[in-house]
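Working notes, structure below.
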Amino acid sequence: MIEIVAAVSAATGAFNTIKAGFAAGREVESMASDLSRWMGAVSDIKKADEYNKKPPIFKKIFNAGSVEEEAMQIFMAKKKAEDMRNELKQLISWTRGPSAWEELLRTEADIRKKRQQAIYDQKERQRKVIEAIMIVLLIVVVLGFISGVVWMFMQTRGML
């Protein structure tokens, strides 16, 4: 699961660096790595929201209360990311013009697609493997319990 607190912290740190860069008169191009870090963190926040909408089966069963808490954290993180995005749009449009913001959005979409393929798909596979292992373990435990009950029943009846 994506750690929402870490994603918000990364987004805030990168955003503050970008704002400081604009205040110092740096060009957008020289802040590409900071912009990329910010975009990645915002993408993580969005992905955490998707995971929260479809939590793993064991999270639903064993951590029902934490789902609501996590939803509130994600909601607050999304609102903070929206505010940062709006302020960043104003900064970039003011220094480079509205077309620079549109170009940044296209670049962000490309980065998001690449990250989703490389990172999120791998995490999804890991989550599914862990769920499958947990289901198999649960089945083994249930079958072992049933076998034990049958064995005890047969032993008390003198069938063994």
For the [atom1] atom of [X] and the [atom2] atom of [Y], what is their distance to the nearest 0.5 Å?
X: I18; Y: L35; atom1: CD1; atom2: CG; result: 4.0 Å
X: I130; Y: M134; atom1: CD1; atom2: CE; result: 9.0 Å
X: L143; Y: L138; atom1: CG; atom2: CG; result: 9.5 Å
X: S9; Y: I4; atom1: OG; atom2: CD1; result: 11.5 Å

Partner set under side chain to side chain contact (heavy atoms under 4.5 Å, CB included) for [X], not counting sequence neighbours:
X: R37; result: A14, T17, D34
X: Q155; result: W151
X: I119; result: R115, K123
X: M152; result: none

(request) Considering only Ile, Leu, Val, Met, Phe, Trp and Tyr, and joining two whenever side-chain heavy atoms are under 4.5 Å apart, list the other residues clustered with V140. (result)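 Hydrophobic cluster check, V140: joined to V136.
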(request) Kindly write out the residues that satisfy side-chain hydrogen bond (donor to acceptor under 3.5 Å, both in side chains) with Q90, not counting sequence neighbours, or none if the list is empty. (result)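 Here no residue qualifies.
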(request) Taking side-chain hydrogen bond (donor to acceptor under 3.5 Å, both in side chains) as the test, write out the residues that go with T12, two or more places apart. (result)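 Partners of T12 under the side-chain hydrogen bond (donor to acceptor under 3.5 Å, both in side chains) test: K80.
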Compare all side-chain heavy atoms of [X] with those of [Y] and state whether any distance is below 4.5 angstrom.
X: T95; Y: L91; answer: no
X: E102; Y: L105; answer: yes
X: L88; Y: W38; answer: yes
X: K47; Y: E50; answer: yes

(request) Consider only side-chain heavy atoms of I, L, V, M, F, W and Y, link residues closer than 4.5 Å, and tell whether M159 and V150 are in one cluster. (result)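 Yes, M159 and V150 fall within the same hydrophobic cluster.
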(message) Taking I133 as the starting point, is it possible to reach V141 by hopping between hydrophobic residues whose side chains are less than 4.5 Å apart?
(response)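 In one cluster: no.
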(message) I'd like to know if the side chain of S93 reaches the main chain of K89, judged simply by a donor and an acceptor atom lying under 3.5 Å from each other, with no hydrogens or angles considered.
(response)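 Yes.
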(request) Please identify each residue that fulfils salt bridge (charged side-chain N to carboxylate O under 4.0 Å, His left out) with E103, with sequence neighbours left out. (result)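 Once residues adjacent in sequence are excluded, E103 has no partner under the salt bridge (charged side-chain N to carboxylate O under 4.0 Å, His left out) criterion.
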(message) The criterion is salt bridge (charged side-chain N to carboxylate O under 4.0 Å, His left out); which residues satisfy it with E87, sequence neighbours excluded?
(response)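 So E87 forms a salt bridge (charged side-chain N to carboxylate O under 4.0 Å, His left out) with K19.
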(message) Assess the residue pair E82 and R85 against the criterion (salt bridge (Lys or Arg N to Asp or Glu O under 4.0 Å)); give the C-alpha distance rounded to whole Å, side-chain angles, the decisive distance to 0.1 Å, and a yes or no.
(response) CA-CA 5 Å; E82 265 180 41; R85 178 179 291 277; over 6 Å; no
(request) Decide side-chain contact (heavy atoms from CB on, under 4.5 Å) for L104 and M39; before the verdict, give the C-alpha distance in whole Å, the side-chain angles of both, and the deciding distance to 0.1 Å. (result) CA-CA 10 Å; L104 178 67; M39 287 179 204; 3.0 Å; yes
(request) Assess whether side-chain contact (heavy atoms from CB on, under 4.5 Å) is satisfied between D49 and I45, documenting all intermediate values. (result) CA-CA 6 Å; D49 185 35; I45 291 169; over 6 Å; no
(message) Within the supplied structure, the quantity of interest is the number of heavy atoms (other residues, nucleotides, ligands) at a distance under 6.0 Å from K46 NZ; does it exceed 12?
(response)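 Count over threshold, so yes.
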(message) Check K128 with E131, please: is the shortest side-chain N to carboxylate O separation under 4.0 Å?
(response)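 The answer is no: the pair does not qualify as a salt bridge.
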(message) Exactly one of K78, K79, M72 should register a side-chain contact (heavy atoms from CB on, under 4.5 Å) with M76. Which one does?
(response)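 That would be M72.
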(message) Minimum heavy-atom separation for A11 and A41, please, with both atom names.
(response)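 That closest heavy-atom pairing would be N-CB, 3.4 Å.
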